[in-house]
Amino acid sequence: MAPLRVAFLGPLGSFSHQAAAESFCKVSADLQPQVSFPDAFAALQEKETDFAVIPCENSTNGSVVQTLDLLADRDGLYKDVKVCGEYYLTVHHCLMVRKGTFPGGWADYDGSITKLYTHPQAWGQCETFLTKYLKGVERQDVASTSKAAEIVSKETTERGAAIANRFAAEQHGTDILVENIEDRADNTTRFLIFRNVLDDATAHFKVEQPNLPTSEGEFALGATHKTLIAFTIDHSSPGALANALLIFKAHGLNLTSINTRPSLKKPWQYIFFVECGRTPSDKNKDAVHKALNDLRQVSETCKDLGTWEDQLSARNA
């Protein structure tokens with residue numbers, strides 16, 4: 001049997017690479033780095049990969065807006081891509097430099113770092129350390145934390161440093177000056193696992209992973225399900241959002257998060273992303289279907305973005 005093709009935000013050594021490797025560690029998987037979030041989604045839409053592992057939010061720094069924009073799919077490019085699982089990765093950031101820059105490590109640091117590189121999400125996760133030890137140093141956003149490590153590893157003239165994980169340091173051969181510089185020890189990133197719903201090869205794929213259903217709509221007994229729904233409303237109608245949200249309550253669906261992004265169809269109109277959870281039973285087995293039907297009656301647009309097994313409750317058990 002050919003290995004599963006799993007896309008992730010590259011380059012090698014990124015947190016997404018780590019999450020993909022851990023998510024599919026029990027099966028034969030070909031992990032394929034992608035240059036950007038859209039590239040990963042496009043590969044999945046075109047069935048060039050079987051799954052994609054994409055970061056969606058961080059416990060310290062909030063939602064990843066690039067992922068929300070892809071889920072918004074304003075141009076209808078990814079209509080067959082849906083969420084089928086999730087993975088929680090405890091994120092530990094390291095400050096790293098080109099090998100041999102400070103032979104004595106952090107104890108040898110002389111204040112000469114002139115530029116910092118990392119992914120935009122990482123700044124807010126390490127603010128306490130950066131403010132205390134590297135205040136005023138120029139910050140440069142790059143495509144991924146692993147890319148930051150790669151840039152620093154190839155420097156010849158500049159005294160730059162990267163914020164990335166140990167995985168990236170090993171991949172690119174950089175020296176780690178300080179480990180665990182994140183503000184919170186429980187700093188965690190949640191990754192969503194996506195599949196193409198029209199891909200028969202993955203619809204009934206059996207995997208020993210807690211993240212993924214054994215087949216379409218099939219989950220472990222007693223497990224909490226999560227569903228993600230996107231919708232827009234008529235903002236000029238009083239109570240339109242309240243009416244939409246009350247539908248979830250009416251069908252026994254517990255709201256776990258709400259996010260918004262501009263619709264780009266009308267100024268100041270927003271797409272609402274609502275994630276809800278339920279523990280399946282005979283009584284509520286059709287709750288999501290009924291909620292979607294009701295929601296379509298009070299919204300301008302409505303889209304089911306997938307249902308999967310909740311891993312947070314299992315992680316905290």
Side-chain angles (χ1 to χ4, degrees), residues 7 9 36-38 40-45 51-58 62-87 189-199 213 216-217 224-237 239-278 286-312:
L9 180 64
S36 68
F37 289 83
F41 262 54
L44 196 54
Q45 176 64 37
F51 295 96
V53 180
I54 307 291
C56 70
E57 64 178 327
N58 176 266
S63 299
V64 179
V65 296
Q66 297 98 320
T67 301
L68 292 177
D69 283 337
L70 286 169
L71 288 167
D73 195 20
R74 301 175 182 93
D75 298 317
L77 299 176
Y78 317 115
K79 61 183 185 304
D80 303 322
V81 175
K82 285 192 176 183
V83 186
C84 68
E86 65 180 6
Y87 186 75
T189 294
R190 179 167 70 130
F191 292 79
L192 293 179
I193 301 173
F194 294 88
R195 62 175 287 264
N196 186 315
V197 294
L198 299 184
D199 188 349
E216 183 72 10
T224 300
H225 294 187
K226 288 180 179 177
T227 298
L228 184 61
I229 296 171
F231 63 88
T232 60
I233 58 170
D234 179 0
H235 287 279
S236 66
S237 176
L241 179 57
N243 291 337
L245 295 180
L246 284 172
I247 288 171
F248 293 90
K249 179 181 179 181
H251 291 285
L253 299 172
N254 180 38
L255 300 187
T256 53
S257 72
I258 302 175
N259 284 285
T260 64
R261 293 296 293 155
S263 71
L264 302 186
K265 303 297 183 184
K266 304 175 187 176
W268 313 117
Q269 182 190 52
Y270 292 90
I271 301 172
F272 293 91
F273 297 90
V274 172
E275 187 177 279
C276 57
R278 67 187 173 96
D286 296 322
V288 172
H289 177 71
K290 292 177 179 178
L292 283 165
N293 284 340
D294 289 350
L295 191 57
R296 291 187 179 103
Q297 304 305 310
V298 301
S299 61
E300 292 188 342
T301 63
C302 179
K303 185 178 181 181
D304 175 10
L305 294 172
T307 296
W308 65 96
E309 190 174 315
D310 175 21
Q311 296 303 304
L312 185 60

- Message: Assess the residue pair L295 and Q297 against the criterion (side chain to side chain contact (heavy atoms under 4.5 Å, CB included)); give the C-alpha distance rounded to whole Å, side-chain angles, the decisive distance to 0.1 Å, and a yes or no.
- Response: CA-CA 5 Å; L295 191 57; Q297 304 305 310; over 6 Å; no

- In sequence, state the C-alpha distance, the side-chain angles, and the governing distance for I193 and C84, and then conclude on side chain to side chain contact (heavy atoms under 4.5 Å, CB included). CA-CA 6 Å; I193 301 173; C84 68; 4.0 Å; yes

- Message: For I54 and F41: C-alpha separation, side-chain torsions, deciding distance, then whether side chain to side chain contact (heavy atoms under 4.5 Å, CB included) applies.
- Response: CA-CA 9 Å; I54 307 291; F41 262 54; 4.0 Å; yes

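A distance-only check finds no donor-acceptor pair linking the side chain of R278 to the backbone of T227 [under 3.5 Å]. Between the side chain of N259 and the backbone N or O of F273 there is no donor-acceptor pair closer than 3.5 Å. In this structure a side-chain-to-backbone donor-acceptor pair under 3.5 Å is missing from N254 to G277. With hydrogens and angles ignored, the 3.5 Å screen pairs no side-chain donor or acceptor of E86 with any backbone N or O of W308.
H225 NE2 to L253 CG: the interatomic distance, rounded to the nearest 0.5 Å, is 12.0 Å. Note that SG of C276 is 11.0 Å distant from NE2 of H251, once rounded to the nearest 0.5 Å. Atom-to-atom distance recorded for Y78:OH and L71:CG is 11.0 Å, nearest 0.5 angstrom. To the nearest 0.5 Å, atoms OG1 (T67) and CG (L9) are separated by 8.5 Å. S263 OG to I233 CD1: the interatomic distance, rounded to the nearest 0.5 Å, is 11.0 Å. Between K82 atom NZ and F194 atom CZ the span is 12.0 Å, to the nearest 0.5 Å.
When each of N196, D199, D80 is checked for a side chain to side chain donor-acceptor pair (under 3.5 Å) with Q45, only D80 meets the rule.
Side-chain atoms of L245 and I258, non-hydrogen and from C-beta on, do get closer than 4.5 Å to each other. V197 places a side-chain heavy atom less than 4.5 Å from the side chain of R195. For the pair K249/L255, no side-chain contact is recorded, criterion being any heavy-atom separation below 4.5 Å from C-beta on. Between F37 and D69 there is no side-chain heavy-atom pair separated by less than 4.5 Å.
Contact detail for H235 and Y270: the closest heavy-atom pair is NE2-N, 3.1 Å. Across all their heavy atoms, V298 and A244 have their closest contact at CG2-CA, 4.0 Å. Among all heavy-atom pairs drawn from P262 and R74, the shortest one is O-NH2, 2.7 Å. Minimum heavy-atom separation, A40 to A52: O-CB, 4.4 Å. Counting all heavy atoms, side chain and backbone alike, A291 lies closest to I247 at O-CG2, 3.6 Å.
Salt-bridge annotation for K265 and E300: absent, with no side-chain N of the basic residue lying under 4.0 Å from a carboxylate O of the acidic one.
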